[in-house]
Structure formats: structure tokens, C-alpha cells
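Keep in mind that the numbers below use all heavy atoms, side chains included, and drop hydrogens, waters and symmetry copies. Numbering of residues begins at 1 and proceeds along the displayed sequence.
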Amino acid sequence: MMSNKRIQELELVMEFEKVEECFKEVSSWIENVGRKRLKETINQDDSLEMLLQAQKQFKEFDLVASEYCRRGQEALKKMNQWEDFSFVDVHSYRVKLQTYEDQLEEFCTQLDETRHRVCETVRLHEFFDKVRQGICCTEEGVKS
């Protein structure tokens, strides 16, 4: 029984090392690229043309960022099997996993919020441009 427990511990450690490599890559990308790009996202006082260009650039970034989020979430799912091994001492690994999970969840939430904000900002600017055009056309009609 002790031998089986030790074998399971070693198997989990080996699996964790594979998953940790993935998380290190995802974590590094989030810290060095992802967070910076989210901070650089659209200023709300830009023109509609500039907003549309920024939205296009954000969509390209969003595809890459979403892929990193997906990869991180898949790695976390692989580690869900650890819940079944309550008799194996994996506390230190769970702490590391929780840190990665928190970072990933925070970034994915920020990405979702930014995606929503970008879409809403563009929609509002398009609406106000239509209103401005309507007012201009109305003013021209009144002057005629």
C-alpha cells in the first residue's frame, strides 16, 4: 500500500511538471504581453475611424489571448484528478495550481470585460455619429 501511494505521488508529480511547464508559458505571456495589451486598449475620446482600427487590432489580440486562456484552462482540468488523491501529499502543488488558476481567471475576466467595453464603445460612437449626421441633415433642411 505504501508502495502504491508513492507511485501515485510520483505519477502526479510528473504530471504536474508537464502542466506546470504549460502554465509557466501561459503565465509568462499574460504578464509580459497580455496585461500590457489590455492596458493599451482604446481611449474613449478617439474618433470612430480610430476606434474601428483599434477594435480590429484588439480582435487580433483577443484571438491569441483567448487561445492562451483556453490552454491554461485545459491544463487546470487535467489537474482536477488530484481531488481523487486525498491520501497523497500534494498540498504544495495545489498551492501552486491555485496561484496559476487565480492569475488565469483574473486575466480571462479582464479580457472578457475589455472585449465588452470595446464593442460597447464602438457601438456608442457609431450611434452618436448617426445622431450627429441626423442633426446636421435636419439643420440643413431647416435652413433651406
Asks: Taking only residues two or more places apart in sequence or in another chain, which ones pass side chain to side chain donor-acceptor pair (under 3.5 Å) with E113?
Replies: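 Side chain to side chain donor-acceptor pair (under 3.5 Å) list for E113, sorted by chain: empty.
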
Asks: Give me each pair satisfying salt bridge (charged side-chain N to carboxylate O under 4.0 Å, His left out) with a member in residues 56-65, each pair once, sequence neighbours excluded.
Replies: D62-R115

Asks: Could you work out, with salt bridge (Lys or Arg N to Asp or Glu O under 4.0 Å) as the rule, every residue matching E11, not counting sequence neighbours?
Replies: none

Asks: Just grab all the ring pair (Phe, Tyr, Trp, His ring centres under 6.0 Å) pairs involving residues 19-40, residues at least two apart or on different chains.
Replies: F23-Y100, W29-F61, W29-Y68, W29-F107

Asks: Before you tell me yes or no, could you show the steps for E126 and K130 under salt bridge (Lys or Arg N to Asp or Glu O under 4.0 Å), namely the whole-Å CA-CA distance, both residues' side-chain angles and the distance that decides it to 0.1 Å?
Replies: CA-CA 6 Å; E126 287 172 339; K130 287 179 184 177; over 6 Å; no

Asks: Applying side chain to side chain donor-acceptor pair (under 3.5 Å), can you list everything that pairs with T99, at least two apart in sequence or on another chain?
Replies: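 Counting only residues at least two positions away or on another chain, T99 forms no side chain to side chain donor-acceptor pair (under 3.5 Å).
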
Asks: What residues, two or more places apart in sequence or in another chain, satisfy salt bridge (Lys or Arg N to Asp or Glu O under 4.0 Å) together with K96?
Replies: E20

Asks: Among all residues two or more places apart in sequence or in another chain, which pass the side chain to side chain donor-acceptor pair (under 3.5 Å) test with S27?
Replies: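 Scan of S27 (side chain to side chain donor-acceptor pair (under 3.5 Å), adjacent residues dropped) gives Q103.
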
Asks: Going through the distances and angles, do E120 and H116 end up as a side chain to side chain contact (heavy atoms under 4.5 Å, CB included)?
Replies: CA-CA 6 Å; E120 288 302 307; H116 179 74; 3.6 Å; yes

Asks: What's the separation between atom CG in D112 and atom OG in S66, rounded to the nearest 0.5 Å?
Replies: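 Interatomic distance, D112 CG to S66 OG, rounded to 0.5 Å: 7.5 Å.
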
Asks: If hydrophobic clusters are built by linking Ile, Leu, Val, Met, Phe, Trp and Tyr wherever their side-chain heavy atoms come under 4.5 Å apart, do L63 and L111 end up in the same one?
Replies: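 No; L111 is not reachable from L63 via cluster members.
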
Asks: Work out which heavy atom in V122 is nearest to a heavy atom in L48; give both atom names and the distance.
Replies: O-CD1, 4.1 Å

Asks: Taking side chain to side chain contact (heavy atoms under 4.5 Å, CB included) as the test, write out the residues that go with Q98, two or more places apart.
Replies: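 Q98 satisfies side chain to side chain contact (heavy atoms under 4.5 Å, CB included) with E101, D102 once adjacent residues are dropped.
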
Asks: What residues, two or more places apart in sequence or in another chain, satisfy salt bridge (Lys or Arg N to Asp or Glu O under 4.0 Å) together with E74?
Replies: R70

Asks: For E25, give me all partners under salt bridge (Lys or Arg N to Asp or Glu O under 4.0 Å), at least two apart in sequence or on another chain.
Replies: R71

Asks: So, do K36 and K39 sit near enough that their side-chain heavy atoms are less than 4.5 Å apart?
Replies: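 Not in contact.
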
Asks: Could you please spell out the steps behind the side chain to side chain contact (heavy atoms under 4.5 Å, CB included) verdict for L52 and E49?
Replies: CA-CA 5 Å; L52 291 172; E49 184 179 312; 5.9 Å; no

Asks: Tell me every residue that passes side chain to side chain contact (heavy atoms under 4.5 Å, CB included) with E21, counting only those two or more places apart in sequence or in another chain.
Replies: none

Asks: Answer whether the closest heavy-atom distance between the side chains of S47 and H125 falls below 4.5 Å.
Replies: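 SC-SC contact between S47 and H125 ruled out.
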
Asks: Using the side chain to side chain donor-acceptor pair (under 3.5 Å) criterion, which residues pair with E17? Sequence neighbours excluded.
Replies: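 Partners of E17 by the side chain to side chain donor-acceptor pair (under 3.5 Å) criterion come out as none, since no residue qualifies.
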
Asks: Does atom CD (Q73) have a neighbourhood of more than 12 heavy atoms from anything else shown, all under 6.0 Å?
Replies: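 Atom CD in Q73 is packed in, count exceeds 12.
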
